[in-house]
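Proteins get letters first, then strands, A, B, ... in listed order; numbering begins at 1 in each.
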There are 2 protein chains.
Amino acid sequence: MTTPAQGLHSHVLATLGLAITAGEYPPGTVLRTDELARRFDVSRTVIREVVRVLESMHLVESRRRVGVTVLPTASWNVYDPQVIRWRLAGADRPRQLRSLTVLRSAVEPVAAGLAALNATPEQCRRLTEEALGMVATSRGRQLEAYLVHDIAFHRVVLDASGNEMFARLGDVVAEVLAGRTHHHVMFEDPDPAAVTLHVQVAEAVRERDAARAEALTREIAVGALKELDVLAP
Amino acid sequence: MTTPAQGLHSHVLATLGLAITAGEYPPGTVLRTDELARRFDVSRTVIREVVRVLESMHLVESRRRVGVTVLPTASWNVYDPQVIRWRLAGADRPRQLRSLTVLRSAVEPVAAGLAALNATPEQCRRLTEEALGMVATSRGRQLEAYLVHDIAFHRVVLDASGNEMFARLGDVVAEVLAGRTHHHVMFEDPDPAAVTLHVQVAEAVRERDAARAEALTREIAVGALKELDVLAP
DNA sequence: GTGACATAAAAGTCGTACTTTTCATTCCTG
DNA sequence: CAGGAATGAAAAGTACGACTTTTATGTCAC
């Protein structure tokens, strides 16, 4: 059922974190440390450390004489990669994918524009390489190979933007892309238009054409949003 | 020196977190739990809990037989509000403000566009109210009052977007705006053009004109970026 | 030099005892 | 009867000491 885990702490943290983000324990639910200790058959020490971490993610709040209270979704640290992973693994995965895709659609075009200004030659090379990789794997049911290049491509763009906040969204984008491939389509080959757009973005960055890189990436984003019916029809 | 704090844990966490994000302890530095326990004059229990939290923020990594290793900036959870606050309080505050402003410039226009589609009448009302508040306080050295309205305005936009990820950036935006006011200018009244733009954004949202709301917000963003010389001259 | 092995250092885990805060009840007073 | 002060107890917070587990490193034999 629950992951084996190579440490008690990780195991309990994963189990509890997953349960809370999945919506078992509605907000306001109170947990007590020694009850949890009994339930997981570990010492209170381990539970306390887990609770502290959960508290730093604002999933719970611990108060004396009360216990550990589960907090409402609104206060969760939704940018915490760990929280994102838990939520993507849980029930509201679709909702989560939507939110994240909208975030992507805002960030990536700007990142691409900055990348056109800041990318190193090496990054330009990798961008082209990955784009060509996407072309090569875009036909004939090579979804997994395609995904690898797609993820790498977007990661390079985010890194090349030179903005630390953007760069850290690489993992999020990877999750979203993987989620999309592994659910949604998986059967049909990727949209040829999208593939072309990626190649053109690589070109634009290489030519230092920021406006074009941004506009093209915005088109890619629109495509991704359409896939999820986020836009009005 | 260090904040009083209402608990040993908070105190140690704040001190260590601040120190690490400030760049004392270069990446690779190894700390040992019982040494820390002696240094802070607390039990190893407290230190362990702090380390676990720091670890969940990817500021450090704890390995057996090695100790607690400080990780490079690239792996930090830079979206953790706690980490953001520490970094804004520390040495690379300017760099941090730049990164965050670029993030804002990507997110807020899209959020405004969505807000035009999704804002409730109540949110429209509040938006107009805050915009007018900005107008009213935009002259005569009422920087603090102006700041309050400015923050509220942007918070409503992000909330009204209906996207959870955007909504959670409210605190970040608040920090950035506060940081700008309290350093940078503080002496001159805000740019009248910016004030007008805010009023127009409120209008556009009220009239459900998503494209206009987005474009106007983009103008506000460009202004903010110019202030920080992020753009090429 | 290379590989197996032993050593020890540090984190991980546990159990217990004690402190502190704070909610809730009771009881006293006006 | 209302309101507030004293009281009790529940739960988290802290401390300490003993033990386990992992693992980097130094050593020894080959």
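Remark: B:E61 pairs with no residue by the salt bridge (charged side-chain N to carboxylate O under 4.0 Å, His left out) rule, at least two apart or across chains. Under the salt bridge (charged side-chain N to carboxylate O under 4.0 Å, His left out) criterion, A:E130 pairs with A:R126, sequence neighbours left out. Not counting sequence neighbours, the partners of A:T29 by the side-chain contact (heavy atoms from CB on, under 4.5 Å) test are A:Y25, A:P26, A:L31, A:V70. In this view, A:E24 satisfies the salt bridge (charged side-chain N to carboxylate O under 4.0 Å, His left out) rule with no residue, not counting sequence neighbours. Under the side-chain contact (heavy atoms from CB on, under 4.5 Å) criterion, A:A136 pairs with no residue at all, not counting sequence neighbours.
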What pairs of nitrogen or oxygen atoms, one from the protein and one from nucleotides 15-18 of chain C, lie under 3.5 Å apart?
none

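Checked by atom type, the side-chain pair B:H149/B:H198 shows no donor-acceptor distance below 3.5 Å. B:T33 and B:R48 share no side-chain donor-acceptor pair at under 3.5 Å.
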Only pairs under 3.5 Å count here: list side-chain donor-acceptor contacts from residues 160-168 of chain B, not counting sequence neighbours, and write none if there are none.
unit_1, atom_1, unit_2, atom_2, d
B:S161, OG, B:L158, O, 2.7
B:S161, OG, B:N163, N, 3.1
B:N163, OD1, B:M165, N, 2.7
B:N163, OD1, B:F166, N, 3.2
B:N163, ND2, A:S99, O, 3.3
B:E164, OE1, A:R87, NH1, 3.2
B:E164, OE2, A:R87, NH1, 3.1
B:E164, OE2, A:R87, NH2, 3.2
B:R168, NE, A:W76, O, 3.0
B:R168, NH1, A:A74, O, 3.4
B:R168, NH2, A:S75, O, 3.2
B:R168, NH2, A:W76, O, 3.2

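A salt bridge between A:R52 and A:E49 is absent, with no side-chain N of the basic residue lying under 4.0 Å from a carboxylate O of the acidic one.
As a whole-Å value, the separation of A:H9 NE2 from C:dT13 P is 8 Å.
Against DNA chain D, the stretch residues 46-62 of chain A makes heavy-atom approaches under 4.0 Å through A:R48, A:R52, A:S62.
Residue pairs meeting the salt bridge (Lys or Arg N to Asp or Glu O under 4.0 Å) criterion with at least one partner in residues 71-86 of chain A, sequence neighbours excluded, are A:R85-A:E175. Applying the salt bridge (Lys or Arg N to Asp or Glu O under 4.0 Å) test to residues at least two apart or on different chains, the pairs with a partner in residues 107-120 of chain A are A:R104-A:E108.
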With the sugar-phosphate defined as primed atoms, P, OP1 and OP2, and the base as all remaining atoms, what B/S/- string results for nucleotides 21-27 of chain C, 5' to 3', for protein heavy atoms under 4.0 Å? SBB----
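In this pair, A:Y79 and B:Y79 present their aromatic rings parallel. The plane angle is below 30°, not in the 30 to 60° band.
Here the range on DNA chain D touched by chain B, meaning any atom under 4.0 Å from one of its heavy atoms, is D:dT14 to D:dA24.
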